[in-house]
Amino acid sequence: MSDVSPVVRLAGRGDGVTADGRHVPLAAPGDEIAADGAIRFGPHHIDPPCRHFPKCGGCQLQHVDDAAYSVFLVDRIAGALIAQGIDLPEILPPHLSPPRARRRASLRAERIGRRVVIGFNEGASHRIVDMRECHVIAPALFALVDPLRRLLPTLIADRRSADVHMTLTDRGVDLMLGKVTAEGLEATEALTAFAAAHGLARLTIDDGYGPQPRYEPEPVTVTLGGVAVALPAGGFLQATADGEAALTAAVVEAVGDAATVADLFAGLGTFALPLSGRARVLAVEGAREPAMALRTAIGRAQRQMLVEHRDLFRRPLDGKELGRFDAVVLDPPRAGAREQMPGLAASAVGRIAYVSCNPATFARDARTLIDGGYRLDWIRPVGQFRWSTHVELAAAFSR
């Protein structure tokens, strides 16, 4: 009997799983686990690039190479489909975003006396890892971490925490600080000076009464499909520019030559705007601010689009409404699109492009579509959140 057990795959939370079913933290496929629990590194085990790994909860898989990480993404999707009794379609090679490409980040900060710690939480903990380097977020975002350590003691009470949201936009970094207090002329002047000194596109404060922009010399925009769209404070943007491009290319391929397209959960128009250069598009979005921003942007750009502000969870499109379109694109939140699925499954829409950030809810919704007569043609996994267990995908369905 061998005194070692090989690691054969990665589990959903990133642990290595041995041939005999044991879960071993920080083990990679191809490693061997000795009888005493020691890990003998195999061909897919690499040295983590960041000093904070594995303590920092921002990454779970810095110890595996890209080949093993790609297999992990595919396995997560395949496992979700199998759990729903779905035959596996063609799963294309995953797209992996490079290091230091993340253009948005949500960090936490805490004041301890005169000192502020700032970074991601430890895994499964509320403790903050005081970030001294980061190999996932864009350099322009990381460059603000140390200056924020000097600013935040004036905005956070001792032993209190704050939220730090950063997004890279067309005009620079959009910074929103939550759970902070900035009252009086001195605090206002300090915020303005900080924003100007660091070339921020916008600085917003949320003290519990909603976002309040304190500095915005010019309107903040993001360019989608060649159109500049106003970005609401705290607005959603795909995590990396290259990941967005990969998802968009997959959506365009899935839609094909459709002349009329409905884009559901359209957001700011990530997919609707690129498609509007080749088709007539209806963009449906439940959040008011993104819908209004998109409507204004297409008015200026004169795209052949309509925007409908509509809550698809409470009022999904029915089969008759969907029957006007050759193709449907949907990119729902992590909860998926359960309420929209019956109407879509009963529709005559010829092609569906489904973008998902949750393989489990995607597989549940795919089951409904397949039961309604659709075929799942292919899936493209996308690893925008490099070295994390977060999986995204784009999938093509057809009648």
Side-chain angles (χ1 to χ4, degrees), residues 8-17 21 23 25 29 57-61 64 68-97 106 123-124 236 238-240 243-244 246-247 250-251 254 264-265 267 270-271 286 311-314 316 328-345 352-398:
V8 294
R9 63 181 180 88
L10 293 169
R13 295 185 178 180
D15 291 346
V17 182
H23 285 235
C59 296
Q60 296 82 43
L61 295 168
V64 306
Y69 185 45
S70 294
V71 171
F72 167 78
L73 297 177
V74 171
D75 284 350
R76 284 287 307 280
I77 296 167
L81 294 174
I82 291 169
Q84 291 287 342
I86 298 173
D87 293 336
L88 296 184
E90 178 184 13
I91 300 181
L92 302 169
H95 170 89
L96 304 183
S97 291
S106 295
F236 175 79
Q238 292 291 339
T240 66
E244 178 187 285
L247 290 170
V251 167
L264 312 184
F265 308 96
T270 301
F271 307 118
D311 186 339
L312 291 169
F313 295 106
R314 295 182 177 181
V328 166
V329 177
L330 65 161
D331 181 14
R334 289 188 61 80
R338 184 196 299 269
E339 293 80 3
Q340 182 58 69
M341 284 302 106
L344 192 52
I352 298 172
Y354 192 132
V355 177
S356 172
C357 60
N358 185 338
T361 56
F362 164 75
R364 179 202 67 204
D365 292 347
R367 178 75 269 170
T368 303
L369 292 176
I370 292 168
D371 289 346
Y374 281 93
R375 179 179 63 248
L376 176 53
D377 296 318
W378 51 260
I379 296 175
R380 167 76 76 181
V382 175
Q384 287 195 83
F385 293 85
R386 189 179 182 87
W387 295 316
S388 83
T389 56
H390 188 82
V391 180
E392 296 187 291
L393 63 91
F397 294 83
S398 62

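All residue numbers refer to positions in the sequence shown, counting from 1.
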Of all the heavy-atom pairs spanning P94 and V74, show the shortest one and how long it is.
-> CG-CG2, 3.8 Å

Kindly state each residue pair satisfying salt bridge (Lys or Arg N to Asp or Glu O under 4.0 Å) with at least one member in residues 72-90, sequence neighbours excluded.
-> none

Would you call P89 and I379 a side-chain contact if the rule is heavy atoms closer than 4.5 Å?
-> yes

Find the distance between CZ (R364) and CZ (R338) and round it off to the nearest 0.5 Å.
-> 4.0 Å

Are side-chain heavy atoms of I91 and P381 found at a separation under 4.5 Å?
-> yes

Cationic N near anionic O, under 4.0 Å, D365 to R367 | no

Closest heavy-atom pair, S97 versus G243, reported as atoms and distance to 0.1 Å, is OG-N, 4.0 Å

So do P333 and F313 actually touch side chain to side chain, heavy atoms under 4.5 Å?
-> yes

For T270 and Q238, which heavy atoms make the closest approach, and how far apart are they?
-> CG2-CG, 4.2 Å

Taking only residues at least two apart or on different chains, which pairs with a member in residues 381-394 satisfy salt bridge (Lys or Arg N to Asp or Glu O under 4.0 Å)?
-> D66-R386

Taking the side chain as C-beta and beyond, is there a heavy-atom pair between L330 and L344 under 4.5 Å?
-> yes

Would a 4.5 Å heavy-atom cut-off, applied to side chains only, mark L393 and V382 as touching?
-> no

Answer yes or no: is there a donor N or O on one side and an acceptor on the other, between the side chain of R380 and the main chain of P93, under 3.5 Å?
-> yes

Flag for R375-S398: side-chain donor and acceptor within less than 3.5 Å = yes

Close side-chain approach of M341 to L369, heavy-atom, < 4.5 Å = yes

Would a 4.5 Å heavy-atom cut-off, applied to side chains only, mark L10 and V17 as touching?
-> no

Taking it one step at a time, do F72 and L61 satisfy side-chain contact (heavy atoms from CB on, under 4.5 Å)?
-> CA-CA 10 Å; F72 167 78; L61 295 168; 3.8 Å; yes

Would you please classify the geometry between the F362 ring and the Y354 ring as parallel, tilted or perpendicular, with 30° and 60° separating the classes?
-> perpendicular

For F265 and D331, work out which heavy atoms get closest and say how close.
-> CB-O, 3.3 Å

Can you name the nearest heavy-atom pair linking A366 to F397, along with the distance?
-> CB-CZ, 3.7 Å

For residues L96 and S70, determine if any side-chain heavy atom of one lies less than 4.5 Å from a side-chain heavy atom of the other.
-> yes

Distance-only side-chain donor-acceptor flag, T240 / Q384, under 3.5 Å | yes

Residues T368 and A345: closest non-hydrogen pair is O-CB, 3.6 Å

Which residue pairs pass the ring pair (Phe, Tyr, Trp, His ring centres under 6.0 Å) test when at least one of the two sits in residues 370-389, sequence neighbours left out?
-> F385-H390

